[in-house]
Amino acid sequence: MPSFSEILSKPSVFADRNVLSPHYVPEALPFRENEIRRIMEGVSPALKKERPRNIFIYGKTGTGKTASVKHVMAQFERHAGPGSYCYINCRMYNSRYRVIQKIVKELLPSLDSMGFGLAMLYERMVQEISSKSIFLIVVLDEVDMVKDLDDLLYTLTRSNDELKSGGISIIGITNKLTFKEQLDSRSRSSLCENEFVFHPYTASQLQAILSQRARLGFKPGTADDSAINLAAALTAQESGDARYALKLLLKAGEIADEKAIRRITDREVEEARRSVDRDIAFEAISALPDHHQLVLLGIANLFIDKSKNTRLASSEEEDFFITSGEAYEAYARVCRRYRKPRRSSRWYREYLNDLEMLGLITTVESGAGMRGRTRLIRLGYSAAEVKRIVEKGFSIIEQKG
DNA sequence: CCTCCACAGGAAGCGCAGGAGT
DNA sequence: ACTCCTGCGCTTCCTGTGGAGG
């Protein structure tokens with residue numbers, strides 16, 4: 001009979017798993033001291049009853065943007081009092097209406113703001129800020145997700161003109177570099193009064209972060225230095241995303257526990273990378289709309305066929321490419337198999353662009369040696385893996401007819 | 001050189017769902 | 001509750017582009 005005490009007493013390399021989880025917020029944020037200082041300087045006027053300039057923060061995923069801002073705002077609240085700032089994740093609050101509603105709800109928790117019109121909510125917000133003379137900081141995380149962002153920014157900046165006292169400042173956070181150009185010029189100049197860039201962590205910075213977390217998360221002597229260095233190096237050459245590095249470490253620990261060994265070595269990190277990459281691919285692919293997946297499956301099928309046919313002739317693996325036209329035909333075949341009406345080739349090209357954006361495929365313009373102008377497609381992940389994931393998702397649909 | 005191939009990607013327009021305004 | 005409007009996903013049509021072939 002299994003028992004909890006038996007399971008819990010199983011030997012493990014972990015001392016505190018939570019430290020390695022992506023939700024863990026460390027006390028100190030190493031290598032972000034300058035950024036944190038500058039953000040603090042940016043918002044500090046609010047403590048002197050002046051309106052801070054808006055701040056715009058750009059940086060790739062896993063560079064510590066959100067953690068740094070949250071860190072600063074926690075300190076800020078200690079000086080300015082509760083209700084002095086408002087953190088909004090725009091993935092959930094993705095329109096002007098929802099953002100304003102959220103702000104009002106933060107300002108007036110007792111008020112049930114559901115069902116009010118935008119004008120009403122806006123009035124309450126202005127009234128509340130004005131009467132209490134608050135210098136409110138609104139943090140808009142993933143600000144690029146807001147549909148009518150120009151309207152939102154206009155509304156918020158205009159409110160400053162209507163306020164008799166107090167003010168609203170915005171901290172916008174995004175990881176999309178192209179995002180700034182999508183704003184109209186007025187919104188841009190108001191949001192980007194003060195602009196910070198968070199650069200990806202370097203290999204040695206990642207190494208320091210990882211070994212600090214490893215000290216807290218693993219039992220002493222269980223994680224090899226070289227394994228930690230490897231995780232840092234693998235991450236640095238890919239993206240510099242600290243969350244990815246931590247995932248590697250966590251997974252490596254889990255693998256060690258599974259094998260019932262007491263040490264994490266390079267081998268476990270290598271295995272962890274394969275596993276984490278598979279997870280990432282799975283998440284990315286299965287979240288995709290149907291026809292994106294079907295296009296991907298078409299491409300994967302072509303790759304598998306091609307490698308079968310050429311294996312005898314040439315041993316040159318991995319140097320295959322597929323033309324856009326071939327892939328469209330393959331996609332059309334896949335559509336017939338699943339009894340889905342196929343999209344037009346024009347729209348198929350948009351799908352290709354989306355897939356490339358997500359890193360699931362890479363494409364190159366055809367150069368010399370090729371007739372016509374086309375794109376040469378290569379898969380980002382192994383064809384068999386992609387085929388498995390997509391077909392798994394579609395097998396349910398197929399059974400239904 | 002011109003023409004054709006095999007596409008890329010812009011422009012216009014259409015039907016639909018959901019949100020805003022009344 | 002009603003219409004009106006807007007954004008979105010998509011098709012159709014079209015022009016542009018870089019090299020192959022004659």
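These numbers were taken from a predicted model, which means no experiment stands behind them. Letters A, B, ... mirror the listed sequences (proteins, then strands); counts begin at 1. No hydrogens, no waters, no symmetry mates; every other heavy atom, side chains included, goes into these values.
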Geometric cation-pi criterion A:R213 and A:Y24, 6.0 Å radius, 45° cone: no
Smallest separation among heavy atoms of A:P82 and A:E77, with atom names: CA-OE2, 3.5 Å
Length of the line joining [X]:[atom1] and [N]:[atom2], which is rounded to integer Å:
{"X": "A:N353", "N": "B:dG9", "atom1": "CG", "atom2": "C1'", "answer": "9 Å"}
{"X": "A:Y328", "N": "B:dA8", "atom1": "OH", "atom2": "C1'", "answer": "15 Å"}
{"X": "A:F321", "N": "B:dA6", "atom1": "CZ", "atom2": "P", "answer": "15 Å"}

B/S/- contact track for nucleotides 11-22 of chain C, protein heavy atom under 4.0 Å: BB---BBBSSS-
Letter per nucleotide, 5' to 3', of nucleotides 14-22 of chain B [B base touched, S only sugar-phosphate touched, - untouched; heavy atoms, 4.0 Å]: ------S--
Pairwise distance CD(A:E271) to CD(A:E258) - rounded to 0.5 angstrom: 9.5 Å
Spacing of A:Y348 atom OH and A:L355 atom CG [to the nearest 0.5 Å]: 9.5 Å
Side-chain (A:R32) to main-chain (A:T63) donor-acceptor, under 3.5 angstrom: yes
Main-chain N/O of A:N54 paired with A:E193 side-chain donor or acceptor, under 3.5 Å: yes
Aromatic ring pairing A:H292/A:Y351, orientation class (parallel under 30°, perpendicular over 60°, tilted between): tilted
Pair A:F196 and A:Y58, ring centroids less than 6.0 Å apart: no
A:Y351, nearest nucleotide to its side chain (from B:dG9, B:dC7, C:dC10): C:dC10
